[in-house]
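Taking it in order: structure first as structure tokens, then the write-up.
Letters A, B, ... mirror the listed sequences (proteins, then strands); counts begin at 1.
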There are 2 protein chains.
Amino acid sequence: MTKHQTKTNELEVELRRAGVRITRPRQTILRILSETDDHPDAYEIFRRASAVDSSISLSTVYRTMKLLEQRGAIHRHAFEGGPSRFEHAGEEHHDHLIDVETGDVIEFRSERIEALQDEIARELGYDILHHRLELYGRKRRAVGKR
Amino acid sequence: MTKHQTKTNELEVELRRAGVRITRPRQTILRILSETDDHPDAYEIFRRASAVDSSISLSTVYRTMKLLEQRGAIHRHAFEGGPSRFEHAGEEHHDHLIDVETGDVIEFRSERIEALQDEIARELGYDILHHRLELYGRKRRAVGKR
DNA sequence: GGCCATTTGCAACTGGTTGTCATCTGGATC
DNA sequence: GATCCAGATGACAACCAGTTGCAAATGGCC
């Protein structure tokens, strides 16, 4: 019951230490993000936040997302044909497989792909700042089974 | 001088055969695409088209891009933080390295990365419909020089 | 050349996001 | 605790890329 509370506070304390004002809306949003392990968009975060504090505005959600992104606390993903979706940072870097039928996002990581990317960039004379790898797919039905 | 003309006509004839009406605006846009080997966005195509036929509207450019995309004649790329950019299809599949300073796009292809992607998707129980791999980087300056 | 389904240009609209601004508030200071 | 004010907020207008409704124009088959 105090589990999430604790998680929230970690980030909260960190931000506070960095001189970021922790206002009520921000606290609410931080809590929601800490309780989340999907990839909600701004409106979905707004919806969840509204349930807790109905006075929160969508603008504030957007502003807070931008702030947190700049602080490196969350990552923004612009999957194709939709609004930006967010996830809290912290876990190691990974890429995404998006289920085109449900919108579900599956995270994966491949050291070999990462390494190949660096190699390619080096050959082309570039330093990679970041990259984006998204697979768009459909769940495979087991063959021979219903 | 008839070089581009020829290239345009190939696609034009192909579309015509498929029952697509080749109107003047479409002809102009097709010519521009055939003369292009960068990755212009809709507005840039509109700009170039306007120079040839000032009556063309941006709506028509968007509508034509959508049509050509559906016909598989061009590919649409939504690189981060900008409008969709297009390139004529035909060459084999490739990925992109975007120069974050200039916006230049460098195409590359890695069989090994392609293969790894398929492998990963298979392991996760998915069939890949398509994917997106973009590297964002900055040109490396030669060490010790300049 | 005539016909009519399609396409066009224009303007109004959309969805996601950012900007403006008057008001409010966190938290440092007393 | 009460005071204060830079910075944050909510309401809403503006923005941008892209889409759509509509009346007028046109491609291409007869």
Exercise for review: Please state whether the phosphate of C:dG9, meaning OP1 or OP2, lies under 4.0 angstrom from any side-chain nitrogen or oxygen of B:S59.
Suggested key: no
Check your understanding: How many Å lie between CD1 on A:I56 and P on D:dT9, as a whole number?
Key -> 9 Å
Exercise for review: Assess whether atom CZ of B:R109 is packed by more than 12 heavy atoms of other residues, nucleotides or ligands within 6.0 Å.
Suggested key: yes
Exercise for review: Could you check how far OH of B:Y43 sits from P of D:dC15, rounded to whole Å?
Suggested key: 16 Å
Revision key, fill the gap. Against the side chain of B:Y62, the closest entry in D:dG18, D:dT9, D:dT20 is D:dG18
Check your understanding: Side chains of A:H94 and A:H96: closer than 4.5 Å at any heavy-atom pair?
Key -> yes
Exercise for review: Please check the phosphate of C:dT18 (OP1 and OP2 only) for any side-chain N or O of A:K66 closer than 4.0 Å.
Suggested key: yes
Check your understanding: Is there a donor and acceptor pair, one atom on the side chain of B:R63 and one on the base of D:dG18, closer than 3.5 Å?
Key -> no
Review point. Please give, in whole Å, the distance from C:dT7 P to B:Q70 CD?
Key: 12 Å
Practice item. Indicate whether any N or O donor in one side chain lies under 3.5 Å from an N or O acceptor in the other, for B:E114 and B:H93. Key: yes
Study note, to complete from the structure: In terms of heavy-atom contacts, B:D37 and B:H88 come closest through CA-CE1, 4.5 Å
Practice item. Find the distance A:F46:CZ to C:dT17:P and express it as a whole number of Å. Key: 14 Å
Exercise for review: Let me know the distance between CD1 of B:I45 and C1' of D:dG18, rounded to the nearest Å.
Suggested key: 14 Å
Exercise for review: May I ask you to verify whether the side chain of A:R21 and the base of D:dG7 hold a donor-acceptor pair under 3.5 Å?
Suggested key: yes
Check your understanding: A:T36 side chain to A:D38 main-chain N or O, any donor-acceptor pair under 3.5 Å?
Key -> no
Review point. With sugar-phosphate meaning primed atoms plus P, OP1 and OP2, does A:I22 contact a base, only sugar-phosphate, or nothing at under 4.0 Å between heavy atoms?
Key: sugar-phosphate
Point to revise | Atom-pair distance (CZ on A:R26; P on C:dT25), nearest Å | key: 14 Å
Exercise for review: Between B:R24 and B:R85, name the one whose nearest nucleotide on DNA chain D is closer to the 5' end.
Suggested key: B:R85
**Study point:** Any A:S55 side-chain N or O less than 4.0 Å from OP1/OP2 of D:dT9
**Key:** no
Study note, to complete from the structure: B:T23 has its side chain closest, among D:dG10, D:dC12, C:dT7, to C:dT7
Review point. CD of B:Q27 versus C1' of D:dT26: gap in Å, rounded?
Key: 13 Å
Review point. Please give, in whole Å, the distance from D:dG28 C1' to B:R17 CZ?
Key: 17 Å
